[in-house]
*Asks:* 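Take this structure first; my questions come after.
Here is the naming used below: chain letters follow the sequence lines, and residue numbers restart at 1 for every chain. Nothing here was measured: the structure is a model prediction, and the numbers come from that model.
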Protein chains: 2
Amino acid sequence: MEGATVRNIAKEAGLSLGALRHYFSTQEELLIYAMDLVKNQAEQRIYRVIDRKLPPKEMALNMLLELLPTTEETRAEMEVWFSFVAYARHKRAGVHPYEDGLFDGITRMVHSLNKAGYLRDGIDLDAEAERLYALIDGLALHALLAPDRLNQTRLSEIVGNHLDSIWQETPQKD
Amino acid sequence: MEGATVRNIAKEAGLSLGALRHYFSTQEELLIYAMDLVKNQAEQRIYRVIDRKLPPKEMALNMLLELLPTTEETRAEMEVWFSFVAYARHKRAGVHPYEDGLFDGITRMVHSLNKAGYLRDGIDLDAEAERLYALIDGLALHALLAPDRLNQTRLSEIVGNHLDSIWQETPQKD
DNA sequence: GGTTTTATAATACAACTGTATTATAAAATT
DNA sequence: AATTTTATAATACAGTTGTATTATAAAACC
């Protein structure tokens, strides 16, 4: 975040200070724009997974994997996001990266999977959503810090294990 | 992190710039000192839990809870730690908060619990350590961002659920 | 008691920061 | 064609930053 000065951004974009200022009159506008960009890209990746109409468990796994840094692009995105989260804790009023709707989304997914009978009986749905949400963000953070240890294969393994542990393998009806 | 200027720190400590500089000649020394302080305090809390000689599952639960922000003090500590992690990604050479030994510690704990027969048969120990590690750091992050939703009781519930899910309830020998 | 070390303070400095101002081109519009 | 809008650039400004310098008390030491 320290490097995200308006001068650095202008330089990297090949613009002068004045030119950049023509599009973004304050630094905060720039930050909010970058934040929304990352958020929208992640959302679109998720929608694309949904459109693939995979079997439920594969779909859940692939949706969750889109929230983890597995490619150079998503790694960059999530590094930006992570910086924003840390930055927004004590700063600017307009930057709210943790209102990302992720907790709501995962909660809805868990409830929906359960309603369709894919999850084990007797589990606390909200607690499971909280656990899954924490697992995902924790893995995302660790994958950023140790990308070699947590490559795509490994991440898929871990999340897959987790899904297996809450999944109802024998369907209720057939 | 932006507020951690040498002037702010001196003011909060009731010292002049020169006086603070007498103890810490550069800002980096200050940061590293603060980092080590937080790390050592967390370590000591863990050792204190071990000394209580609780039953294995309670001990594991309480050790893990010491890694989460449940009190005003630990919340402050982990906010510092979190800021360091974000800060160190692209900055100062001497600041390495993610070499915290936590992954090794959790891995050792999981292997040790398994060797003592407390964990379910057939689980992938390293993958379980990775999953638990991510769960803890994810919960820590989320508890910082939403302390009302994730209070001590709720955190204990979630981590307890997780331990239950990998625990071998019927002992191998009796 | 004299001297060295430790502690504190005030001030200075060069670099960097976000933002503002001013000046020009180029493009679009009328 | 004239004029307005859009785009770019250079420079300026006030504030903050980390660090350095200098001065002066207090304490420790010999």
*Asks:* Please report the distance, rounded to the nearest Å, between CD in A:Gln27 and P in C:dC16.
*Replies:*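 Checked: the CD to P distance equals 16 Å.
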
*Asks:* Represent DNA chain D in dot-bracket notation, 5' to 3'. Only Watson-Crick or G-U wobble pairs with both distances under 3.5 Å count; pseudoknot-style crossings use [ ] and interstrand partners use |.
*Replies:* ||||||||||||||||||||||||||||||

*Asks:* CG of A:Leu30 versus C1' of C:dT19: gap in Å, rounded?
*Replies:* 13 Å

*Asks:* So if you build clusters from Ile, Leu, Val, Met, Phe, Trp, Tyr with side-chain heavy-atom gaps below 4.5 Å, do B:Leu31 and B:Leu37 land together?
*Replies:* no

*Asks:* Taking the six-membered ring of B:Phe103, is NZ or CZ of A:Arg149 closer than 6.0 Å to its centre and within 45° of its axis?
*Replies:*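 Positive - A:Arg149 is close enough to the ring of B:Phe103 and near enough to its axis.
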
*Asks:* Nearest 0.5 Å, please: how far is CG in B:Asp124 from CD1 in A:Ile158?
*Replies:*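 Output value for this atom pair is 7.5 Å.
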
*Asks:* Whole Å only: how far is the CD atom of A:Glu2 from the C1' atom of D:dG18?
*Replies:*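 In whole Å, D:dG18 C1' and A:Glu2 CD are 11 Å from each other.
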
*Asks:* Which residue pairs satisfy the salt bridge (Lys or Arg N to Asp or Glu O under 4.0 Å) criterion with at least one member in residues 9-25 of chain A, sequence neighbours excluded?
*Replies:*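 Those involving residues 9-25 of chain A do not exist here.
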
*Asks:* Salt bridge between B:Glu66 and B:Arg48, side-chain N to carboxylate O under 4.0 Å?
*Replies:* no

*Asks:* Quick one: list whatever passes side-chain hydrogen bond (donor to acceptor under 3.5 Å, both in side chains) with A:Glu29, sequence neighbours left out.
*Replies:*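 For A:Glu29 the side-chain hydrogen bond (donor to acceptor under 3.5 Å, both in side chains) partners, ignoring immediate neighbours, are A:Ser25.
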
*Asks:* In the single-linkage hydrophobic clustering (I, L, V, M, F, W, Y; side-chain heavy atoms under 4.5 Å), do A:Leu64 and A:Ile123 co-cluster?
*Replies:*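 In one cluster: yes.
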
*Asks:* Can you find a pair of side-chain heavy atoms, one from A:Ile166 and one from A:Tyr118, that are under 4.5 Å apart?
*Replies:*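 No. Closest side-chain heavy atoms not under 4.5 Å.
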
*Asks:* Between A:Gly3 and A:Ser25, which residue's closest nucleotide on DNA chain C lies nearer the 5′ terminus?
*Replies:* A:Gly3

*Asks:* What pairs with A:Arg154 under side-chain hydrogen bond (donor to acceptor under 3.5 Å, both in side chains), at least two apart in sequence or on another chain?
*Replies:* A:Glu157

*Asks:* Can you check nucleotides 8-13 of chain D for protein contacts, nitrogen or oxygen pairs under 3.5 Å, and list what you find?
*Replies:*
from	atom 1	to	atom 2	distance (Å)
D:dT8	OP2	A:Tyr23	OH	2.4
D:dA9	OP2	A:Ser16	N	3.1

*Asks:* Enumerate the protein-to-nucleotides 24-27 of chain D contacts in which both atoms are nitrogen or oxygen and the separation is below 3.5 Å.
*Replies:*
none

*Asks:* So that I can tick it off, tell me whether A:Glu77 and A:Lys39 are bridged by a salt bridge, with the cut-off set at under 4.0 angstrom between side-chain N and carboxylate O.
*Replies:*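 Salt bridge flag = no for A:Glu77 with A:Lys39.
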
